[in-house]
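In what follows, a structure is listed as structure tokens, so that the remarks can point back to it.
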Amino acid sequence: MSCNSCAATGADHLFRAKGFDLVRCTGCGLAYIANPPSAEELKVLYSAGASYHAALCDPASETFATQDRIAVRHLAETLRGVKSGRLLDVGCSIGQFAARAKQAGFAASGLEMNESSAAFARAHYGLEVAEGTIHDAPQQAGSLDVLTMFDVIEHVPDPLGDLRKAHDLLAPGGAIVLSTPNIDGLFPRASLPLAKKLDYWPHPEPPYHLYQFSAKTLGAMLEQAGFAVTSTRHFAIDLAYTFGQMQTLLKMPKRLAYAGLFAPLAAIGPLLGAGDWIYVTARKAA
């Protein structure tokens with residue numbers, strides 16, 4: 001498998017999880033799963049039958065509340081660079097961010113692979129949500145002012161192709177706003193040597209995450225797609241998501257010790273410009 005960014009075939013092995021091999025390209029540094037699931041297997045992973053996002057469709061659930069809080073951050077990061085316009089949220093899930101963007105004055109719509117999540121977004125929030133990938137977007141080329149992809153780019157088989165499609169959909173001067181885990185964050189870098197000995201590394205999530213970006217590799221790919229990066233901001237992934245809920249950790253002494261060792265690094269990473277989660281904003285030339 002050649003690198004999606006630079007087409008090089010050389011790669012160094014980083015980690016093996018659930019039978020999937022995470023490697024880093026020797027040409028550009030992009031990390032990716034060298035033996036990814038097939039297109040049909042990926043379709044099943046994100047299908048309604050696999051109960052993907054099932055907990056999200058319950059407004060009374062903690063999962064719903066957590067993702068709604070994250071949607072608030074997504075909106076704040078979007079508003080840092082764009083205040084209004086025609087917005088498409090690719091991988092919109094159940095529509096929490098798109099609904100908030102609409103309330104903030106954007107002409108917001110969504111695109112989602114999971115049928116159940118798309119249906120919930122339409123019924124619960126009254127959003128226009130199409131089903132499929134970015135290549136199924138019903139919008140015309142050059143018709144959008146903003147395109148958002150929050151925690152999506154690491155899931156797709158051809159991220160460079162998706163970014164080029166995003167560039168095509170945006171009007172001149174339009175903005176793309178993305179978020180994704182950062183493999184060069186302080187916690188992932190510090191924990192990898194021990195992860196190889198313990199056979200445990202919570203940062204990569206195969207088979208869902210097919211790629212692991214850094215600010216450098218994502219910026220380079222955006223530039224290849226025709227964008228100019230205008231902002232990169234570092235955050236920490238929710239500690240409970242990375243290490244587990246405290247009630248669970250208390251029953252697993254080894255996991256608790258692991259969290260005690262690395263959770264502080266995950267928390268201070270953003271202060272050092274090395275968070276394990278990044279937001280990147282880029283623009284199409286005017």
So Arg24 and Ile183, do their side chains get closer than 4.5 Å, heavy atoms only? yes
Looking only at heavy atoms, which two atoms of Pro206 and Lys18 are closest? And how far apart? O-CD, 3.3 Å
Atom CD of Glu205: over 12 foreign heavy atoms under 6.0 Å: yes
Let me see the working for Arg122 and Glu131 under salt bridge (Lys or Arg N to Asp or Glu O under 4.0 Å), right down to the final yes or no. CA-CA 11 Å; Arg122 291 190 291 263; Glu131 294 173 17; 3.0 Å; yes
Residue pair Glu112 / Ser117: nearest heavy atoms and the distance that separates them: CG-CB, 3.9 Å
Is it true that Val177 and Val229 fall in one hydrophobic cluster, defined by side-chain heavy atoms closer than 4.5 Å? no
Please round to the nearest 0.5 Å and tell me the distance separating atom CZ of Phe20 and atom OH of Tyr208. 10.5 Å
Residue pair Arg86, Gln139: steps toward the side-chain contact (heavy atoms from CB on, under 4.5 Å) verdict: CA-CA 10 Å; Arg86 298 155 296 179; Gln139 288 79 6; over 6 Å; no
Criterion side-chain contact (heavy atoms from CB on, under 4.5 Å) on Leu271 and His234, from CA distance to verdict: CA-CA 8 Å; Leu271 303 176; His234 290 254; over 6 Å; no
Count the heavy atoms of every other residue, nucleotide or ligand shown that sit under 6.0 Å from CE of Met1, and state whether that count exceeds 12. yes
What pairs with Ala228 under side chain to side chain contact (heavy atoms under 4.5 Å, CB included), at least two apart in sequence or on another chain? none
Hey, does the side chain of Tyr211 reach the backbone of Pro157 with a donor-acceptor pair shorter than 3.5 angstrom? yes
Just by distance, do the side chain of Ser214 and the backbone of Asp184 share a donor-acceptor pair under 3.5 Å? no
Does atom OH (Tyr200) have a neighbourhood of more than 12 heavy atoms from anything else shown, all under 6.0 Å? yes
Can any side-chain N or O of Asp89 pair as donor or acceptor with the backbone N or O of Gly110 at less than 3.5 Å? no
Enumerate, atom names and distances included, each donor-acceptor pair closer than 3.5 Å involving a side-chain atom of residues 278-286, sequence neighbours excluded.
from, atom 1, to, atom 2, distance (Å)
Tyr279, OH, His74, ND1, 2.6
Arg283, NH1, Gly173, O, 2.6
Arg283, NH2, Gly81, O, 2.8
Lys284, NZ, His167, O, 2.9
Lys284, NZ, Leu170, O, 2.7

Please name the residue in the list His209, Glu154, His155 that meets the side-chain hydrogen bond (donor to acceptor under 3.5 Å, both in side chains) test with Thr180. Glu154
Please say yes or no: joined through hydrophobic side-chain contacts below 4.5 Å, possibly via intermediate residues, are Met149 and Leu160 part of one cluster? yes
Result for side-chain contact (heavy atoms from CB on, under 4.5 Å) between Gln212 and one of Leu22, Thr217, Leu14 points to Leu22
Tightest non-hydrogen contact, residues Val152 and Gly91, listed as CG2-CA, 3.9 Å
Please say whether more than 12 non-hydrogen atoms of neighbouring residues, nucleotides or ligands are located less than 6.0 Å from CD in Gln247. yes
As an exercise, state the distance from CZ of Arg16 to CD1 of Ile33, rounded to the nearest 0.5 Å. 10.0 Å
Common cluster, Ile70/Phe120, ILVMFWY with side-chain heavy-atom separation under 4.5 Å: no
Honestly curious: do Val146 and Val72 fall in one hydrophobic cluster under the side-chain, below-4.5 Å linking rule? no
Side chain of Asp136, backbone of Leu111: donor and acceptor closer than 3.5 Å? no
Could you give me the CA-CA distance, side-chain angles and deciding distance for Leu147 and Ile134, then say whether side-chain contact (heavy atoms from CB on, under 4.5 Å) is met? CA-CA 10 Å; Leu147 188 146; Ile134 192 171; 4.1 Å; yes
Begin with the C-alpha distance, continue with both residues' side-chain angles, and end with the deciding distance and a verdict on side-chain contact (heavy atoms from CB on, under 4.5 Å) for Ser5 and Cys25. CA-CA 9 Å; Ser5 185; Cys25 174; over 6 Å; no
Check whether any side-chain heavy atom of Met221 sits under 4.5 Å from a side-chain heavy atom of Phe213, and report yes or no. yes
Find the distance between OG1 (Thr148) and CD1 (Ile176) and round it off to the nearest 0.5 Å. 8.5 Å
Can a side-chain donor-acceptor contact be found between Ser61 and Asp58 if the only test is distance below 3.5 angstrom? no
Measure the acute angle between the ring planes of His203 and Trp201, then classify it against the limits of 30° and 60° as parallel, tilted or perpendicular. tilted
Kindly indicate whether the side chain of Thr78, heavy atoms from C-beta on, has any atom under 4.5 Å from the side chain of Phe106. yes
How about Leu186 and Leu272: do any of their side-chain heavy atoms sit closer than 4.5 Å? yes
Spacing of Ile153 atom CD1 and Leu163 atom CG [to the nearest 0.5 Å]: 4.0 Å
Inter-residue atom distance Cys28.SG - Lys216.NZ, 0.5 Å rounding: 8.5 Å
Looking only at heavy atoms, what is the nearest atom pair of Leu75 and Arg100, with distance? CD2-O, 3.8 Å
Donor-acceptor check, side chain of Asn4 to backbone of Asp158, threshold 3.5 angstrom: yes or no? no
Is there a continuous path of hydrophobic side-chain contacts, each under 4.5 Å between heavy atoms, that joins Val156 to Leu30? yes
A side-chain contact here means heavy atoms from C-beta on lying under 4.5 Å apart; do Arg73 and Ser179 qualify? no
Please tell me if the side chains of Phe150 and Ser93 come closer than 4.5 Å, counting only heavy atoms from C-beta onward. no
Specify the closest pair of heavy atoms between Ile237 and Pro181, including all atoms of both residues, with the distance to one decimal. CD1-CB, 4.4 Å
With heavy-atom distances below 4.5 Å as the criterion, would you say the side chains of Tyr125 and Gln96 are in contact? yes
Measuring from atom CG of Leu56 to atom NE2 of His124, what distance do you get when rounded to the nearest 0.5 angstrom? 11.5 Å
Restricting to non-hydrogen atoms, name the atom on Leu169 and the atom on Ala137 that form the minimum distance, rounded to 0.1 Å. CD1-CB, 4.0 Å
Flag the pair Pro202 / Tyr241 as yes when at least one side-chain heavy-atom distance between them is below 4.5 Å, and no otherwise. no
